Engineer: 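The structure under discussion is supplied below as structure tokens; questions concerning it will follow.
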Amino acid sequence: MPGRLEGKVAFITGAARGQGRSHAIRLAQEGADIIAVDICQNIDTVTPFYPLGTEDEMAETVKQVEALDRRIFARPADVRDLEQLQTVFDEGVAELGRVDIVVANAGIATYGLSWELTSEQWKDMIDVNLTGVFHTAKVAIPALIAAGRGGSIVFTSSIGGLKGIQHVGHYVAAKHGIVGLMRTMANELGQYSIRVNTVHPTNVDTIMIQNPGTYSMFAPGDPEPTQEKAMAGFASLNTLPVPWIEPVDISNAVLYLSSDEGRYITGVTLPVDAGAYIK
Ligand SMILES: NC(=O)c1ccc[n+]([C@@H]2O[C@H](COP(=O)([O-])OP(=O)(O)OC[C@H]3O[C@@H](n4cnc5c(N)ncnc54)[C@H](O)[C@@H]3O)[C@@H](O)[C@H]2O)c1
């Protein structure tokens, strides 16, 4: 049986690991070839909390996609750098022949009470999680329109793109911001059969939450926060009795939105959140 994305090419940012890697693998399992980018270096304001993706991690993504007999064009690129992103995207399309699906997944998390965030934390967050998503869409949209085959664009927002969450005001602002961009682009691009949607995960089991910064958010005031101490806090976010969900749960939503099964779905904010939004 042919895959649900046979013959398609997907452009995925933040693909070195975590959800981005999972998306690359899941879409490849359904027949897509992949253009993958990741910053593959650290950003100063994130370093106190956790390291960003590496070239070794990107090499692992490449290995896992190739093991599925799919092609992957993977390069380091920073979504904050429009020119660099455009160059890598264009090279990827030249190599793989087309683009059909865009997944703006790259993102960072840092922590602090909103009025105590530094200007640098605020700036890096908006630059990566809001402007980076704009850049990702911007570099790909002309190629999608020119090909005349329609397409799917998915932005990875968060439950924090639908409601306020303490200690991540800058993250919440950026994740709400991309919802506005999605709604606008969905209106602008409908005439080309290009659909634009956001996915809104609750906690996902990646290093972005599995680090002392997040543990301290869920165990405030504790001098030595651990996963165990944060467990009840993680779970308290969700309606279903789980502390977090798996990257593949988000990949399956991205796959649905990007396949023909989602062909009339556009402008939608899709929570994949164990009921966190309704709580
Ligand atoms: N983990 C969660 O609980 C959770 C919940 C809701 C939403 N999200 C969102 O999901 C997305 C994926 O996060 P994840 O959980 O896989 O975390 P992750 O840290 O494992 O993956 C994010 C990837 O993005 C890359 N990246 C960061 N800045 C970049 C830049 N400027 N240019 C290019 N690449 C960059 C990182 O190197 C990393 O490989 C993010 O947008 C995040 O905000 C995560």
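Being a predicted model, the structure only gives us computed values, none of them experimental. Whatever order the structure lists them in is the order used to number ligands and atoms, beginning at 1.
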Engineer: With heavy atoms under 4.0 Å as the rule, classify the contact between C40 and ligand 1 as side chain, backbone, both or neither.
Structural biologist: neither

Engineer: Is there any N or O on Q19 that sits under 3.5 Å from an N or O of ligand 1?
Structural biologist: yes

Engineer: Does only the side chain of T202 get under 4.0 Å from ligand 1, or the backbone, or both, or neither? Count heavy atoms.
Structural biologist: backbone

Engineer: When you measure from atom 29 (C) of ligand 1 to each heavy atom in T136, I39, L85, D205, which option holds the nearest one?
Structural biologist: I39

Engineer: May I ask you to list the residues sharing a hydrophobic cluster with L113, side-chain cutoff 4.5 Å, ordered by chain and number?
Structural biologist: W115

Engineer: Is the side chain of K175 donor-acceptor paired with the backbone N or O of H200 at a distance under 3.5 Å, no angle test?
Structural biologist: no

Engineer: Would you tell me which option among N105, T61, T214, I159 has the nearest heavy-atom contact to atom 41 (O) of ligand 1?
Structural biologist: N105

Engineer: Looking only at heavy atoms, is any part of T206 under 4.0 Å from ligand 1, and if so is it the side chain, the backbone, or both, or is it neither?
Structural biologist: side chain

Engineer: Using a 4.0 Å heavy-atom threshold (strictly under), name the region of Y171 that reaches ligand 1: side chain, backbone, both or neither.
Structural biologist: side chain

Engineer: Looking only at distances, can you tell me whether any N or O atom of K175, backbone or side chain, sits closer than 3.5 Å to an N or O atom of ligand 1?
Structural biologist: yes

Engineer: Counting only nitrogen or oxygen atoms and a 3.5 angstrom limit, does I43 reach ligand 1?
Structural biologist: no

Engineer: Ignoring hydrogens, just give me the one of N42, I207, V272, V204 whose non-hydrogen atom is nearest atom 2 (C) of ligand 1.
Structural biologist: V204

Engineer: Hey, is V128 touching ligand 1 through its side chain, its backbone, both or neither, going by heavy atoms under 4.0 Å?
Structural biologist: side chain

Engineer: Between E60 and R21, is there a side-chain N and carboxylate O pair less than 4.0 Å apart?
Structural biologist: no

Engineer: Under 4.0 Å between a Lys/Arg side-chain N and an Asp/Glu carboxylate O for E30 and R26?
Structural biologist: yes

